[in-house]
Amino acid sequence: MKLEHKVYEKLLQVPKGKVTTYGELAKAVGLKNGQRAIGRMMNKNPFPVIVPCHRVIMSDGKVGGYAWGEKVKTNMLSREGIEIKKGRIQNADVIFRF
DNA sequence: TTTGCGGCAGGCC
DNA sequence: CGGCCTGCCGCAA
């Protein structure tokens, strides 16, 4: 099982309306400081529609980047009921922890 | 608040 | 086969 696949599975555990962070995801698969690696995996995500890579944000609450554009990412999150202001998550209680 | 450097899997050379 | 480069971050200064 490749690491990236483990990451995708973890990501699938995140329920609609919730999000997680690159750091949490990294630890969840056994990496301590692999946040950037996680981001790269998401960017090269072979299943962009199956894997909700838009539900992953930065630890400081900012939405972060997105292969299809941050605007798209922000819209999708809004559609799921997540409040975003200036690319920043408003209520931290929507953050899902493993 | 902004800037810079660290750490990591994958893919390319 | 080994090493270099990239990329949706994180955190300390």
Side-chain angles (χ1 to χ4, degrees):
Chain A
M1 178 71 79
K2 287 200 172 187
L3 230 182
E4 58 177 286
H5 287 177
K6 294 176 69 176
V7 175
Y8 300 148
E9 286 185 27
K10 286 293 180 183
L11 197 47
L12 290 173
Q13 289 177 39
V14 181
K16 178 171 174 295
K18 290 286 185 71
V19 296
T20 187
T21 68
Y22 295 96
E24 283 294 316
L25 207 45
K27 288 182 183 177
V29 296
L31 297 181
K32 294 181 291 296
N33 303 304
Q35 320 90 329
R36 213 168 176 184
I38 298 295
R40 198 194 65 75
M41 294 174 189
M42 292 294 111
N43 181 237
K44 303 293 183 178
N45 182 7
F47 320 106
V49 186
I50 303 176
V51 181
C53 43
H54 60 279
R55 292 185 192 160
V56 188
I57 66 176
M58 301 209 279
S59 66
D60 62 356
K62 288 200 296 296
V63 174
Y66 192 59
W68 300 353
E70 295 182 41
K71 293 195 66 174
V72 178
K73 182 173 183 177
T74 302
N75 285 338
M76 296 180 89
L77 291 176
S78 298
R79 275 298 306 273
E80 300 188 351
I82 297 174
E83 245 185 288
I84 300 177
K85 180 84 171 184
K86 294 298 178 184
R88 189 64 73 89
I89 296 298
Q90 297 306 293
N91 48 330
D93 51 290
V94 298
I95 298 178
F96 176 80
R97 305 281 175 176
F98 293 100

Output the distance between atom [atom1] ([X]) and atom [atom2] ([Y]), rounded to the nearest 0.5 Å.
| X | Y | atom1 | atom2 | result |
| --- | --- | --- | --- | --- |
| A:His54 | A:Leu11 | NE2 | CG | 8.5 Å |
| A:Met76 | A:Arg55 | CE | CZ | 8.5 Å |
| A:Gln90 | A:Lys85 | CD | NZ | 7.0 Å |
| A:Glu4 | A:Glu9 | CD | CD | 11.5 Å |
| A:Tyr8 | A:Leu3 | OH | CG | 10.5 Å |
| A:Ile38 | A:Asn43 | CD1 | CG | 13.0 Å |

Nearest non-hydrogen partners of [X] and [Y], listed with the distance:
| X | Y | result |
| --- | --- | --- |
| A:Tyr66 | A:Cys53 | CE1-SG, 4.1 Å |
| A:Val56 | A:Thr21 | CG1-C, 3.9 Å |
| A:Phe98 | A:Lys10 | CE2-O, 3.2 Å |
| A:Lys73 | A:Gly65 | NZ-O, 2.9 Å |
| A:Phe96 | A:Lys18 | CB-CB, 3.9 Å |

Length of the line joining [X]:[atom1] and [N]:[atom2], which is rounded to integer Å:
| X | N | atom1 | atom2 | value |
| --- | --- | --- | --- | --- |
| A:His5 | B:dA9 | NE2 | P | 15 Å |
| A:Glu24 | C:dC8 | CD | C1' | 17 Å |
| A:Lys27 | C:dG10 | NZ | C1' | 11 Å |

Can you list, by residue number, the residues of residues 6-13 of chain A that have a non-hydrogen atom closer than 4.0 angstrom to DNA chain B?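 Residues of residues 6-13 of chain A that come under 4.0 Å of DNA chain B do not exist, since none gets that close.
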For DNA chain B, which residues in residues 76-95 of chain A have a heavy atom at a distance below 4.0 Å?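 When residues 76-95 of chain A is checked for heavy atoms under 4.0 Å from DNA chain B, there are no hits whatsoever.
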For A:Asn75, enumerate each residue passing the side chain to side chain donor-acceptor pair (under 3.5 Å) test, keeping only those at least two apart in sequence or located in another chain.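 Counting only residues at least two positions away or on another chain, A:Asn75 forms no side chain to side chain donor-acceptor pair (under 3.5 Å).
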Here's a test for you: under side-chain contact (heavy atoms from CB on, under 4.5 Å), which of A:Leu77, A:Ile82, A:Ile57 qualifies with A:Val94?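 Of the listed residues A:Leu77, A:Ile82, A:Ile57, the side-chain contact (heavy atoms from CB on, under 4.5 Å) partner of A:Val94 is A:Ile82.
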Which parts of residues 55-70 of chain A get close to DNA chain C, meaning a heavy atom less than 4.0 angstrom away?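 Contacting residues: A:Met58, A:Ser59, A:Gly65, A:Tyr66, A:Ala67.
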Evaluate whether atom CZ of A:Arg88 has more than 12 neighbouring non-hydrogen atoms of other residues, nucleotides or ligands under 6.0 angstrom away.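 Check passes, neighbour count above 12.
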Once you apply a heavy-atom cut-off of 4.0 Å, does A:Lys44 come out as touching a base, just sugar-phosphate, or nothing?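 Contact class for A:Lys44: none.
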What I'd like to find out is whether the side chain of A:Val19 reaches to under 4.5 Å of the side chain of A:Glu80, using heavy atoms alone.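 A:Val19 does not reach A:Glu80 side chain to side chain.
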Protein-nucleotides 6-8 of chain B N/O pairs under 3.5 Å:
residue : atom : partner : partner atom : Å
B:dG6   : O6   : A:Arg36 : NH1          : 2.8
B:dG7   : O6   : A:Arg36 : NH1          : 3.4
B:dG7   : N1   : A:Arg36 : NH1          : 3.1

Pairing string, 5' to 3', for DNA chain B - Watson-Crick or wobble contacts under 3.5 Å, brackets [ ] where pairs cross, | to another strand: .|||||.||||||
